Amino acid sequence: MPKSKKSRSSSSHHVAPAKPYSTGGSLNNNNKNNPSDRKLTANTNLIAPNTSIGQHFLKNPAVVTSIIQKAAVKPTDIVLEIGPGTGNMTVPLLQRAKSVVALEYDPRMVREVLKRVQNSPEEHKLKVIQGDAIHSQWPFFDLCVANIPYQISSAIVFKLLAHRPMFRCAVLMVQEEFALRLSARPGEALYCRLSVNTQLLAKVDQLLKVGKNNFRPPPKVESRVVRIELKNPPPPVNFVEWDGMIRLLFNRKNKTLRSVLMTKSTLKLLEENRKTWKSLQQQQQQSNNKSMTMHVDGDEETTDESIQQILEKILARHEYKDKRARNLDLDDFLQLLADFHTEGIHFSA
């Protein structure tokens, strides 16, 4: 599932609103009374994948079995499957779970996966929703299993990290490099914003390497299966603020923190954010019939200092001097954000 210039999540591509499908009598299946004909194997199912939207069908049953085993599906589980394709993983999931909600973008695949279970014991356990996985509203689920198009992997992971109520885990097939980014450590070449944000909110395990030849057609890159388990309770961090800082610092992760933050555009942004936060704090104090005096994250004594002066003061400290984002770990970033907040510096308006 190589990256493609054409993405399903592109705003220029119209996506019909998500809608559920049922299997009751809406399909033309001449062999619907023969279960062996319904449960097509990957080798006999020759529907053409649309590689422009990242479709590469997983054809190796042994890999499917391994993924499901590592997902530890329970009989009480509601499973969200993103991108069921022709149903090669959907059918065994249905045999183990309470129910499966399959979210599929391609209407051809919607019809195909419904055919796989029509008039079978698993038919009533499957609900298929046609829609864009990024923009559709997800239902409640205990477990997510997905062989997702690689060009939307990042968007899917961030949506999983933000999903509530919490789920037990997600088991995802992704591009190998993307998988390694999820669990990359400080100092490693693949360490990036994705690494930091994912590890802040979740535990990531590398489960399985999957070669190109296990797909039809073979993608240009190797694949891996990862398991993502949300931290419960989540860390007490304003994620919008956190991600604002992380995004900024990793735009040039090899530069010193000072070099990244002292640009004119960044100083202007941080000054505008400070004014917005002070204004919001004033409004809140007024609504609570409190004093009009400013109290914003302890910065009442630093209001005469410019953003540049505050940054110089913080970044001159031993723990930050000459440091680069590529070498900082979660604790370093958490402390840095707390120090910024203490001085009235914010990364979201």
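These values consider heavy atoms only, across backbone and side chains, with no hydrogens, waters or symmetry-generated copies. In this text, all values refer to a predicted model and were calculated from it rather than measured experimentally.
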Q) Judged by modelled atom types alone, do Ser223 and Gln175 share a side-chain donor-acceptor pair under 3.5 Å? A)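 Gln175 and Ser223 do not have a side-chain donor-acceptor pair below 3.5 Å.
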(Q) Between Thr256 and Ser259, is there a side-chain donor-acceptor contact under 3.5 Å, judged purely by atom types and distance? (A)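 There is such a pair (donor and acceptor under 3.5 Å, judged by atom type) between the side chains of Ser259 and Thr256.
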**Q.** Sequence neighbours excluded, every pair satisfying ring-ring contact (aromatic ring centres under 6.0 Å, His included) that has a member inside residues 170-208
**A.**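 Those involving residues 170-208 are Tyr191-Phe250.
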**Q.** Residue pairs passing the salt bridge (Lys or Arg N to Asp or Glu O under 4.0 Å) test where at least one lies in residues 257-271, sequence neighbours excluded
**A.**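 Sorted pair list: Arg258-Glu312, Glu271-Arg274.
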[X]: which residues meet the side-chain contact (heavy atoms from CB on, under 4.5 Å) condition with it, sequence neighbours left out?
X: Asn232; result: Met166, Pro234
X: Thr65; result: Gln69
X: Lys74; result: Thr76, Asp77, Arg168
X: Asp331; result: Asp329, Leu334

Under the salt bridge (charged side-chain N to carboxylate O under 4.0 Å, His left out) test, which residues partner [X], sequence neighbours left out?
X: Arg247; result: Asp243
X: Arg252; result: none
X: Arg326; result: none
X: Lys255; result: none

Q.
For Trp242 and Phe333, take the angle between the two ring planes, folded into 0 to 90°, and tell me which bin it lands in: parallel under 30, tilted 30 to 60, perpendicular over 60.
A.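 Aromatic pair Trp242/Phe333 classed perpendicular.
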Electrostatic pair [X]:[Y] at N-O distance under 4.0 angstrom:
X: Glu176; Y: Lys209; answer: yes
X: Arg227; Y: Glu229; answer: yes
X: Arg181; Y: Glu177; answer: yes

Q) For Ser348, does its backbone N or O pair with a side-chain atom of Trp277 as donor and acceptor, under 3.5 Å? A)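 Answer holds: yes.
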Q: Report the hydrophobic cluster partners of Leu180, with the cluster defined as I, L, V, M, F, W, Y residues connected by side-chain heavy atoms closer than 4.5 angstrom, directly or transitively.
A: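 Besides Leu180, the hydrophobic cluster comprises Leu190, listed by chain and residue number.
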**Q.** Test ring-ring contact (aromatic ring centres under 6.0 Å, His included) applied to Phe167 - qualifying residues, sequence neighbours left out
**A.**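 By the ring-ring contact (aromatic ring centres under 6.0 Å, His included) rule, Phe167 matches Phe141.
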